[in-house]
Q: 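Dropping the structure in here first, questions after.
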Amino acid sequence: MAVTIQSEPVSSASEIAEVRRIGKADIDWALAEGWRDFTAKRGDLLFIGLIYPVICVLAAFVTFNDSLFPLFFPLVAGLSIAGPAVASGFYELARRREEGVDSNWWHFLDPLKGRSRTPIAMLSLMLAGLFIGWLIAAYAIYTLTFGADGPMRASEFRRIFTTDSGWAMIVIGNLVGLGFAAVAITLSFVAFPMVVDKPVSAASAVATSVAAARRNPSETIGWGLRVAALLALGTIPFGVGLAIVLPWLGYATWHLYTRLIVR
């Protein structure tokens, strides 16, 4: 078991929770505990994880035409921004299992019915704003780089990898996308579990999430890279692997939260 080595208040403001200093071992522990949660008795929740693969397929049908095709990859990649909101039910199940109380599948929806409903809605709107901002930025990058050579058609997909403008779009798009992902993780990786765990406002939860990221910058980056790698693996083939990856990451995020925050 990993050992947390240090804790201190991150702010004198009462609305910000006390944040611990963690290490790589804590991240590994959170992922291991998340996997135990998933394998323990969560097979009945695979259908929730399948929501993302279905969304990926729908995105393909919607965008596989000449006018919307440039938005296909930004749309699929940007869906990960909504992950913390979708995983709120998994935080609740992990919390109940931790406390040794009933944690059947129907408790997945508890956060949407109780005191957490309003802050979860506010946090979800925040992530929706980031998602829309990412789509706007992605389309602007396409227009200024690859789109300058003429509209991209689905039948000409390989042009992306055989032209300078295509590679410019890939590099710039990935760098900007990395920035959006970093902002999303910083604002949400503690905020969503926190509003499920205790009666706090969305603003307080976001402030605590930012404080946790500031106190653990390298660990936050490490967590983000692990999340990105697992999500990328989960998209193979056709997003089916996300049915396993998303619940796993949901449970693991809860356990990481319990290491980061003094409850």
Q: Are there more than 12 heavy atoms of other residues, nucleotides or ligands under 6.0 Å from atom CE of M122?
A: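 Result for CE/M122: open.
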
Q: Is W134 reachable from L125 through a run of hydrophobic residues whose side-chain heavy atoms are each under 4.5 Å from the next?
A: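 Unlinked, L125 and W134 end up in two clusters.
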
Q: Side-chain contact, heavy-atom cut-off 4.5 Å: Y251 with L256?
A: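 Answer no - side chains too far apart.
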
Q: Shortest non-hydrogen contact from R20 to N216?
A: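 The pair with the smallest heavy-atom distance is O-ND2, 3.1 Å.
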
Q: For the atom pair CE (M194) and CZ (R263), what is the distance rounded to the nearest 0.5 Å?
A: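 Rounded to the nearest 0.5 Å, the CE-CZ separation comes out at 11.0 Å.
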
Q: How long is the gap from CG on L231 to CG on L249, to the nearest 0.5 Å?
A: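 Separation between the atoms: 5.5 Å.
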
Q: For residues W35 and F38, establish whether the separation of their ring centroids is below 6.0 Å.
A: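 Ring-ring flag for W35/F38: true, centres closer than 6.0 Å.
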
Q: Taking all non-hydrogen atoms of both residues, which atom of G224 and which atom of I185 are closest, and how far apart?
A: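 The pair with the smallest heavy-atom distance is CA-CD1, 3.4 Å.
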
Q: Looking only at non-hydrogen atoms, find the nearest pair between A191 and V206 and report the distance.
A: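 Smallest interatomic distance, heavy atoms only, reads CB-N, 4.0 Å.
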
Q: For a ring pair (Phe, Tyr, Trp, His ring centres under 6.0 Å) check, start with the C-alpha distance between Y257 and W254, then their side-chain angles and the critical distance, and finish with the verdict.
A: CA-CA 5 Å; Y257 159 77; W254 168 263; 5.2 Å; yes

Q: Does some side-chain heavy atom of F192 sit less than 4.5 Å from a side-chain heavy atom of S124?
A: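 Side chain of S124 against side chain of F192, heavy atoms only: contact under 4.5 Å found.
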
Q: How far apart are the C-alpha atoms of E99 and R96, what are their side-chain angles, what is the distance that settles it, and do they pass the salt bridge (Lys or Arg N to Asp or Glu O under 4.0 Å) test?
A: CA-CA 5 Å; E99 295 178 356; R96 297 179 71 88; over 6 Å; no

Q: So which atom in S209 and which in V190 form the shortest heavy-atom distance, rounded to 0.1 Å?
A: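 Reported closest heavy-atom pair: OG-N, 3.3 Å.
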
Q: Of the non-hydrogen atoms in T208 and I16, which two are nearest, and what is the gap between them?
A: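 Heavy atoms only, the tightest pair is OG1-CA, 3.6 Å.
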
Q: At what distance, to the nearest 0.5 angstrom, does CG of D110 lie from OG of S88?
A: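 That separation rounds to 12.0 Å.
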
Q: Is L112 reachable from L127 through a run of I, L, V, M, F, W or Y residues, each pair having side-chain heavy atoms under 4.5 Å apart?
A: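 Yes; L112 is reachable from L127 via cluster members.
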
Q: What's the spacing between L260 CG and F189 CZ if we round to 0.5 Å?
A: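 The CG atom of L260 sits 5.5 Å away from the CZ atom of F189.
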
Q: Taking only Lys NZ, Arg NE, NH1 and NH2, and the carboxylate oxygens of Asp or Glu, determine whether R95 and E98 approach each other closer than 4.0 Å.
A: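 Looking at E98 together with R95, the answer is no, because their closest N to O distance does not fall below 4.0 Å.
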
Q: Does R115 have more than 12 heavy atoms from other residues, nucleotides or ligands lying within 6.0 Å of its CZ?
A: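 Check passes, neighbour count above 12.
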
Q: Examine Y139 and I170 and state if one hydrophobic cluster contains both, with Ile, Leu, Val, Met, Phe, Trp and Tyr joined whenever side-chain heavy atoms are less than 4.5 Å apart.
A: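 Shared cluster, yes.
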
Q: Do the side-chain N and O atoms of D37 and H255 include a donor-acceptor pair separated by under 3.5 angstrom?
A: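 Present: a donor and an acceptor within the cut-off.
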
Q: List the atom of I160, the atom of M169, and the distance in Å for their closest heavy-atom pair.
A: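 Closest heavy-atom pair between I160 and M169: CG2-CE, 4.0 Å.
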
Q: Could you state the interatomic distance from CZ (R259) to CD1 (I27), rounded to the nearest 0.5 Å?
A: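 Going from the CZ atom of R259 to the CD1 atom of I27 covers 11.5 Å.
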
Q: Once rounded to the nearest 0.5 Å, what's the spacing between atom CD1 of I81 and atom CG of L130?
A: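 Atom-to-atom, I81:CD1 and L130:CG are 6.0 Å apart.
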
